[in-house]
Amino acid sequence: MAQEKKYKLGDLEFETEQEYRDAAADLKRIKGLTEKYQVDDPAQAQKILTSIKAHPETFRSPYGRKFVAKLEKAAGVSPSPSSGGSFGKAGPSGSGALPDQQAKAKEKNTSGAEKEKFQIFTPRNFAIGVVIIACVVIFSIFAPRLFSLNNSPDSNGDIRKNMITAYANSQAELKMQLYTYYYNVVGQTEEEAQRDAEEGLSHYVMDLSDRTISTMSDSEISDIYGRLVEGGDIQNNSFVEPAEITVLKDKLLAAGLSGNGGNGLEGETAVEAAINSMMDYQQRIYYSLCYQYSLLDDSKSEAQGYAAEDMESLFGHVIYDEKMTIEEKQSYFDSFTKSGLIKDNQIVRFSADPTAYSLPELTPAIEVAFFGEKAKAYNCSMLSYAPAASVFYEINAGKQKGYICFRNNGGNSDYIQVDEDTSVTAQGDFFLTIGSEKQTGKWFYNRQDIGILINGDSSSLISYVHDLTY
């Protein structure tokens with residue numbers, strides 16, 4: 001009698017090729033998970049277990065069940081029946097029995113099995129065999145057509161392409177949310193936010209956020225799909241989210257940047273997050289303005305008064321020191337959205353470019369002449385936090401240090417006669433202090449220079465100096 005074929009993988013033998021393939025697939029998945037995660041870490045082990053429970057067919061062999069038992073031990077949770085009975089196929093008795101239990105069950109039934117071996121050619125078995133052969137013949141005729149209709153290569157290709165497209169779209173959305181979080185909430189620069197957003201996506205097997213899946217060939221799709229399966233991001237045609245990505249999404253959700261449906265609890269979370277960010281942003285600008293006005297030797301109350309005027313012109317509603325109900329926050333949220341200060345549930349920060357608000361951007365060197373007297377040269381650098389309503393510069397001349405402030409609060413009400421044929425509109429208040437010298441007036445553009453109106457005299461100028469050696 002021919003020896004029955006056995007399939008061996010590692011320390012285990014399997015009765016069928018399918019069991020062997022299941023074990024090989026489990027070992028591959030285990031290898032991908034151990035390379036991607038710290039499986040001995042309780043938190044990460046629990047994350048993997050949660051994912052496995054969501055996809056019960058993840059593991060189908062004793063190797064998989066043994067790995068699940070290891071995860072349960074690391075996570076400190078109670079072992080499931082048979083060390084993961086619900087995570088894989090059932091054993092011979094339907095209980096997910098381990099190899100030693102299978103051996104006992106097999107040994108227990110040996111005598112009955114041996115008796116049956118000697119009674120194979122019975123009339124009953126012969127009739128069953130005829131039926132099986134007939135079924136095989138019918139299947140061989142119709143199977144090609146069935147496969148061509150229901151399981152064609154094109155169908156498999158479409159499934160893989162759809163999965164990879166969903167994978168890429170999800171990454172693109174997450175990347176945008178991460179960039180918004182780092183830029184608007186954390187306060188990073190554009191470059192820093194872009195870098196950290198890309199670093200966040202590096203926890204995936206592949207970053208497809210900038211790839212156009214629709215233009216890829218079938219071979220490219222197949223290659224990407226294989227790499228995602230091998231790396232563990234796709235298991236049994238289901239996505240498995242890396243633990244690090246879950247942590248990042250939790251941060252986004254807490255900041256109101258993820259899962260915002262615009263209604264219910266999630267919508268309220270988005271509104272509250274946006275208003276809280278606006279309050280924080282306003283507070284920082286307000287205190288920055290107070291500090292900068294204090295550099296002009298203004299009193300505390302004067303500095304606060306100027307800052308309050310600027311805040312009103314910037315935001316319309318100043319809310320950083322208010323306690324509000326969710327209804328009041330919703331009202332302010334709607335108002336800021338209407339005025340363009342909140343967009344897509346995120347606050348819109350003011351540009352660092354003063355020219356965007358018709359405020360002057362001085363060159364690194366300037367010349368200042370008051371009342372037509374000889375001009376003085378100064379080195380100049382901008383120090384404003386948000387130069388929208390007011391822009392501040394630090395000026396230096398030798399050991400002397402002072403400050404210049406331009407405010408955009410003119411309101412087009414004061415007209416200045418520069419000469420017989422030219423009149424201009426005052427943009428707003430002007431302040432300069434350096435050493436013992438202090439000047440206060442109105443500022444306006446006068447051709448290439450900035451004109452200063454002081455007590456009706458419009459002969460004072462600030463001139464740009466462009467002949468610099470870089």
Take I404 and T433, measure what side-chain contact (heavy atoms from CB on, under 4.5 Å) needs, and give me the verdict at the end.
CA-CA 7 Å; I404 292 177; T433 177; over 6 Å; no
Given side-chain contact (heavy atoms from CB on, under 4.5 Å), test Q171 with R211 step by step and report yes or no.
CA-CA 10 Å; Q171 287 185 332; R211 302 281 294 275; over 6 Å; no
Do E241 and T246 pass the side-chain hydrogen bond (donor to acceptor under 3.5 Å, both in side chains) test, and can you show the C-alpha distance, the side-chain angles, and the key distance before you say yes or no?
CA-CA 7 Å; E241 184 174 272; T246 303; 2.6 Å; yes
Apply salt bridge (charged side-chain N to carboxylate O under 4.0 Å, His left out) to residues E309 and R407 and explain how you reach the verdict.
CA-CA 10 Å; E309 288 180 10; R407 302 184 72 204; 3.0 Å; yes
After noting the C-alpha distance and the side-chain angles of D22 and S61, does the key distance pass the side-chain hydrogen bond (donor to acceptor under 3.5 Å, both in side chains) rule?
CA-CA 6 Å; D22 288 343; S61 75; over 6 Å; no
Residue pair V68, F59: steps toward the side-chain contact (heavy atoms from CB on, under 4.5 Å) verdict
CA-CA 9 Å; V68 170; F59 294 116; 3.8 Å; yes
Audit row: K161, D218, salt bridge (charged side-chain N to carboxylate O under 4.0 Å, His left out) steps and yes/no
CA-CA 8 Å; K161 188 170 186 176; D218 292 341; 5.8 Å; no
Given Q439 and F371, is the side-chain contact (heavy atoms from CB on, under 4.5 Å) satisfied, shown in steps?
CA-CA 11 Å; Q439 298 292 349; F371 306 110; 4.2 Å; yes
Show your reasoning for whether side-chain hydrogen bond (donor to acceptor under 3.5 Å, both in side chains) applies to D321 and Y286.
CA-CA 11 Å; D321 59 350; Y286 174 74; over 6 Å; no
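The existence of a salt bridge linking E19 and R60 is excluded, since no basic side-chain nitrogen approaches an acidic carboxylate oxygen closer than 4.0 Å. Using a 4.0 Å cut-off between charged side-chain N and carboxylate O, K323 and E328 make no salt bridge. In this structure, D26 does not pair ionically with R65, as no charged nitrogen and carboxylate oxygen lie closer than 4.0 Å. Taking 4.0 Å as the cut-off between side-chain N and carboxylate O, K338 and D334 do not count as a salt-bridged pair.
Residues C405 and Q292 fail the side-chain proximity criterion, which asks for heavy atoms closer than 4.5 Å. At a threshold of 4.5 Å between non-hydrogen side-chain atoms, the residues I395 and I434 count as touching. You'll find the side chain of T215 stays beyond 4.5 Å of the side chain of I213, heavy atoms only. Here the side chains of I450 and Y464 are in contact, with some heavy-atom distance below 4.5 Å. Between I285 and L289, the closest side-chain pair of non-hydrogen atoms falls below 4.5 Å. When side chains are defined from C-beta on, E367 does not count as touching Y378, because their heavy atoms never get closer than 4.5 Å. The side-chain heavy atoms of E220 and D223, taken from C-beta on, include no pair separated by under 4.5 Å. In this structure the side chain of L178 reaches within 4.5 angstrom of the side chain of L201, judged on heavy atoms.
Taking both residues in full, the closest heavy atoms of H203 and L248 are given as CD2-CD1, 4.3 Å, listed atom of the first, atom of the second, then distance. In this structure, L359 and A389 approach most closely via the heavy-atom pair CD1-C, 4.1 Å. Minimum heavy-atom separation, S294 to A303: N-CB, 4.1 Å. Of all heavy-atom pairs spanning R160 and S222, the tightest one is NH1-OG, 3.5 Å. Closest heavy-atom contact between Y179 and A197: N-CB, 3.9 Å. Smallest separation of non-hydrogen atoms from G232 and V240: O-CB, 3.4 Å.
The distance from atom CG of L453 to atom OG of S458, rounded to the nearest 0.5 Å, is 6.5 Å. Remark: F333 CZ to I319 CD1 distance equals 11.5 Å, nearest 0.5 Å. Between the OH atom of Y332 and the CE atom of M279 there is a distance of 9.5 Å, given to the nearest 0.5 Å. Between atom CG of residue D429 and atom CG of residue N408 there is a gap of 10.5 Å, rounded to the nearest 0.5 Å. The CZ atom of R284 sits 4.5 Å away from atom CG of D280, with the distance rounded to the nearest 0.5 Å. Atom CE in M324 sits 6.0 Å away from atom NZ in K329 (nearest 0.5 Å).
Listed for the S170 side chain is no donor-acceptor partner under 3.5 Å among the backbone atoms of A166. A distance-only check finds no donor-acceptor pair linking the side chain of Q46 to the backbone of A43 [under 3.5 Å]. Here the side chain of T189 pairs a donor or acceptor atom with the backbone of E192 at under 3.5 angstrom.
Counted by atom type alone, Q194 and E190 present zero donor-acceptor pairs between their side chains at under 3.5 Å. Side-chain contact annotation: T180 with Q346, donor-acceptor N/O pair under 3.5 Å absent. Looking only at atom types and distance, the side chain of D457 has a donor-acceptor partner in the side chain of S459 under 3.5 Å away.
Checked against a 6.0 Å centroid threshold, the rings of Y306 and F431 count as neighbours. A ring-centre distance under 6.0 Å is found for Y167 and Y204.
Applying ring pair (Phe, Tyr, Trp, His ring centres under 6.0 Å) to F430 and the options Y393, F392, W443, F406 leaves one that passes, F406.
Residue-environment remark: CG (D353) exceeds the threshold of 12 foreign heavy atoms within 6.0 Å. Counting heavy-atom neighbours within 6.0 Å of K401 NZ, excluding the residue itself, gives a total of 12 or less.
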